[in-house]
Amino acid sequence: MNSAWDRLVKKSRRPYKTVQHVEETEIMSNNKGIHSSLDENIEQIKDSFGNSGDLIIRSFRMGKPFSHKVASIYINGLTDKEILGTFIIERLMKDVNLSENDDPFSPSQLTTYIKEHILSITNVRDVPDWNKLFLSLLSGETIVLVDGWNHGFACAAQGGDLRAISEPTTESSVRGPKDSFTESLISNTAMIRRRIKSPNLWLETMELGKITQTGVGIMYMKGIVNDKLLTEVKERLSKIKVDEVQGSNTIEEWISDNIWTPWPTIFTTERPDVVAGNLLEGRVVIFVNETPTPLILPATWNQFFQTAEDYYLRWSMSSFLRLLRIFSFLITLLGPSLFIAFLSFHPELIPTPFLINLASQRQSVPFPIVIEALLMEFTFEVLREAGIRMPRPVGQAVSIVGALVLGEAAVSAGIVSSAMVIVVAATAIASFTIPHYAMTDAVRLLRFCMMILSSLLGLYGIGLGLIILVAHTCSIRSFGIPYLAPFSPFILADQKDSILRLPLPFLSERPRLINQLKTKRIEDSQTSSPENDNMKNQDSKKDSYEK
Amino acid sequence: MKNKQIILLFLCLFIFLISGCWDSNELQKLCIVAGMAIDKGNDNTKNRFRITVQIANPPQVAGDSQGGKMQASRVTNFTETGSTISETLRKISNKAPGELLFPHLQVMVIGEDLAKEGIADIFDVIERDSQFRVLFPILISKGPHSAKDILEVTTTLEAIPSAKIVEALRTSERYWGAYKATRVDEVIKGLKEGSFPISGIQMKGDLKAGNSIKNVEKISPNTIIQLKGTAIFKDRKLKKWLDLNTARGVTWVMDEMKSTVINLDCGMKKDAIAANVNRSKTTTDVKIKNNKPVIYLTVHAEGEILENNCSLDLGKSINLDQLDEKLEEEIKIELLQAIKTAQKEKSDLFRFGEKINTTDKKLWKKIETAWENDIFPKTEIHVNVQAIIRRTGMITKSYR
């Protein structure tokens with residue numbers, strides 16, 4: 001099994017191009033240690049930050065007799081000022097009589113005292129050098145510097161305004177949980193922790209992006225995840241040497257197996273329950289700070305047609321819905337191209353009354369059918385883009401113009417035939433049933449390729465296009481896992497939860513290929529049918545009564 | 001290496017560009033041929049055929065009349081003569097505005113004159129040219145009008161006359177059973193033997209009045225077209241017209257009866273009871289006796305009483321048994337009539353020959369050449385009908 005995995009991974013690995021980072025300006029240049037003089041330190045920080053307005057330096061004196069100079073430094077907006085005021089500054093200023101026996105504290109004694117007695121805050125760390133100090137400061141921690149001591153304290157008082165947990169916007173669900181990820185990495189991982197209370201849920205954090213220092217968390221279930229997959233993920237992540245990591249998409253594009261494919265090879269979601277489910281199937285999740293959509297990998301084609309809701313509905317309904325989605329995927333992909341092929345190459349395949357009807361509609365249309373189709377599809381794409389980008393209050397105007405002017409009026413003006421409007425509309429609506437946005441986008445582009453092929457070669461062209469598409473899809477992999485699994489390679493056991501979803505008691509094994517360590521997810525005694533269980537229970541009850 | 005890939009990619013692209021679109025056609029520029037009529041031409045060399053094509057006029061048919069357009073006919077016919085069918089059809093492009101599209105051909109009507117001379121020459125092009133399908137029905141126009149005239153009658157209820165003919169044929173086949181739709185492929189199958197039945201079609205009324213949109217403005221049109229008769233072919237030539245019960249007999253023998261109504265006598269009153277036959281199965285068995293084939297036809301028919309205009313009590317099983325027997329008798333007469341006529345015309349249109357071939361190959365090899373002309377007319381054919389009346393309708397007693 002392992003050797004097979006090796007082979008898969010080896011094939012998929014694409015040569016990485018790493019951007020040669022030209023070190024023009026060393027951002028955190030000062031590797032010299034922290035001075036012992038507080039004033040010098042403050043000067044240094046101010047210099048480094050260019051005296052930024054949101055850098056707040058509060059200097060004061062502590063302790064009665066000796067009046068040690070202390071400063072707390074934080075970035076305005078990243079800290080919780082209440083915690084800062086109550087548990088750091090107030091404690092430092094107000095408190096203590098340090099001169100019990102008139103013996104002046106040495107700086108090291110003093111700092112130990114501060115750390116162990118004064119700072120009543122959850123987490124206090126020593127920061128020995130400037131790099132660490134700046135990173136802590138920029139992550140929202142409050143730095144406390146003491147005069148005469150060449151270290152600093154980093155106090156966990158992060159805060160500031162964060163978006164509250166809200167309902168998912170792109171993956172809504174009727175019965176399932178209604179929370180979705182926010183921009184904060186920690187609150188996101190906490191949502192997973194709440195769902196999986198197991199110490200085997202491991203989270204490894206790192207910073208990516210030479211300038212942005214974006215927090216990235218790799219989460220997986222130890223014992224379920226394939227270790228080779230994990231090493232592969234870490235290796236690929238370690239090769240990202242860029243200045244900025246803006247959200248998970250940067251990472252997605254850097255680590256995905258094949259960027260020259262229309263298909264998305266990494267799954268993203270904004271739902272914690274989806275992440276939890278995928279973790280338990282043995283997948284690896286990459287959280288990125290300031291991004292509400294973590295990456296889930298490896299991904300398979302099949303996955304993009306499944307929703308969280310599938311597991312909250314009855315199995316029969318979710319199986320039906322999955323079939324429906326595959327069907328509307330085909331409509332989206334092939335609808336306009338089939339229409340073009342039938343009308344311009346194979347009019348004999350259309351029933352006669354319908355053909356006469358279509359011919360009569362097209363009597364006044366001046367363009368060839370391909371141009372007409374491309375025109376309408378293009379118009380629809382424009383409308384769609386406008387719908388996303390326009391300011392909200394203009395929305396109504398656009399929808400009126402789109403629906404009335406471009407639909408109704410274009411037909412009566414003889415620019416397009418009404419059948420074409422129907423085809424384009426049906427295609428558009430069908431495209432919205434594909435649950436995952438990345439998949440919808442892929443199909444949107446492929447649809448145009450198919451239309452051009454069918455306008456050149458008719459059904460034969462569509463056939464050719466599909467052959468190329470399927471061959472290509474078979475050839476790509478996501479982190480070593482064949483993208484079309486479990487269809488190619490065909491895995492019988494995984495069919496239970498692919499196009500159909502069988503009742504949960506039947507889904508006793510985790511998907512193959514993705515997971516190899518612990519394949520069973522239902523205990524053997526549990527796999528018997530519910531009736532049998534009831535019988536057993538009754539029997540055992542009887543036994544106990546008799547006893 | 002990289003260059004090679006790019007060149008390959010471009011070559012692939014060129015394949016599409018070079019080969020693409022050669023048979024692409026804009027729909028509105030095609031002339032959808034709905035019907036075709038083939039008549040005998042003036043002479044036997046240059047104008048062997050006179051072909052009429054009926055082209056649908058989509059906006060008129062679809063009822064999509066936009067304001068200001070004049071009311072035009074729903075179909076347009078173009079006629080041309082020539083010595084081969086392909087040539088004649090190509091000549092029509094002098095008159096038609098676009099390329100003729102044949103896959104949607106609904107019906108082909110062959111003139112009686114041509115049919116009498118033989119129809120073999122028509123089918124080569126139909127099977128050879130990929131444009132034609134072989135699943136449309138064929139009809140023979142029964143005189144005095146030509147096939148061209150048949151397609152020139154405007155019709156109501158169905159916008160395209162050809163479509164109306166086909167629909168009438170289908171309905172008749174289904175509910176009356178006398179005239180069946182013979183598809184081209186069936187005719188082609190029978191071409192070798194040369195014997196087959198094809199239903200006929202006739203125009204009733206004035207030709208000129210029929211060829212006008214005024215004809216359909218009337219509740220009772222002046223001119224109509226109707227199915228009439230079954231033409232029996234021998235040696236690919238029209239030999240005789242059958243009609244009424246004899247024509248229905250052909251359908252019975254060929255096991256193509258779907259449903260029909262048969263009148264039964266009730267005591268002294270003739271044709272007083274109507275029975276609907278809604279299920280029927282005819283089996284043909286061949287037995288060889290003294291090196292001669294004997295043919296046994298067995299008809300199993302089921303039916304119900306639709307109408308009872310005499311005092312017969314249908315509640316009594318003895319009466320029903322009598323009716324069963326009468327029904328059997330009636331059906332048997334029809335079969336025998338058809339068989340007799342076929343034997344008289346020496347035309348094995350029922351393709352009994354094939355059955356003999358499957359039963360006894362050696363015998364068939366021997367008699368094959370002499371079968372139609374010498375043996376078939378003298379062959380013993382036994383008909384056995386078993387009919388059962390299953391239901392008597394919603395009431396038992398009649399009002400008598």
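Throughout, a chain's letter reflects where its sequence line sits, starting with A, and its residues are numbered from 1. Predicted model only: the values in this text are computed from it and were never measured.
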(request) Enumerate the residue pairs fulfilling side chain to side chain donor-acceptor pair (under 3.5 Å) with a member in residues 155-168 of chain B, sequence neighbours excluded, ordered by first and then second residue. (result) B:Gln54-B:Ser162

(message) To check you understand the geometry: which heavy-atom pair defines the closest contact between A:Pro347 and B:Leu101, and what is its length?
(response) CG-CD1, 3.8 Å

(message) More than 12 heavy atoms of other residues, nucleotides or ligands under 6.0 Å from CZ of A:Phe432: yes or no?
(response) yes

(message) Tell me if the CD atom of A:Glu408 is crowded by more than 12 foreign heavy atoms within 6.0 Å.
(response) no

(request) Could you please state which residues from residues 103-111 of chain B sit under 4.5 angstrom from chain A, measuring non-hydrogen atom to non-hydrogen atom, sorted by number, or 'none'? (result) B:Pro103, B:His104, B:Gln106

(request) Mind checking the NE2-CG spacing from A:His346 to B:Asn25? Nearest 0.5 Å is all I need. (result) 12.0 Å

(message) Less than 4.5 Å to any heavy atom of chain B: does that hold for the side chain of A:Phe354, its backbone, both, or neither?
(response) neither

(message) Counting neighbours of CZ on B:Arg174 that are heavy atoms of other residues, nucleotides or ligands and sit closer than 6.0 Å, is the number greater than 12?
(response) no

(request) Sort by residue number and list every member of residues 329-342 of chain A having a non-hydrogen atom under 4.5 Å from chain B. (result) none

(message) For B:Ile160 and A:Thr352: C-alpha separation, side-chain torsions, deciding distance, then whether side-chain contact (heavy atoms from CB on, under 4.5 Å) applies.
(response) CA-CA 11 Å; B:Ile160 301 173; A:Thr352 313; 5.7 Å; no

(message) Nearest 0.5 angstrom please: B:Gln28 CD to A:Leu343 CG, how far?
(response) 9.0 Å

(request) State the CD1-CG distance between B:Ile32 and A:Leu355, to the nearest 0.5 angstrom. (result) 4.0 Å

(request) Measure from the side-chain N and O atoms of A:Arg362 to the backbone N and O of B:Lys29, and report whether any donor-acceptor pair falls under 3.5 Å. (result) no

(request) Inspect the surroundings of CD in A:Glu381 and state if more than 12 heavy atoms from other residues, nucleotides or ligands are less than 6.0 Å away. (result) yes

(request) Could you tell me which residues in residues 420-428 of chain A have at least one non-hydrogen atom under 4.5 Å from a non-hydrogen atom of chain B, sorted by residue number? (result) none

(request) State, with a plain yes or no, whether a side-chain heavy atom of B:Leu27 is found less than 4.5 Å away from one of A:Leu358. (result) yes

(message) Please determine whether the number of non-hydrogen atoms from other residues, nucleotides or ligands lying under 6.0 Å from atom OH of A:Tyr460 exceeds 12.
(response) no

(request) Verify the neighbour count for atom NZ of B:Lys189: are there more than 12 heavy atoms of other residues, nucleotides or ligands below 6.0 Å? (result) no

(message) Please classify the contact between A:Pro351 and chain B as side chain, backbone, both or neither, with a heavy-atom cut-off of under 4.5 Å.
(response) backbone

(message) Is A:Ile452 close to chain B through its backbone or its side chain, or both, or neither, when contacts mean heavy atoms under 4.5 Å?
(response) neither

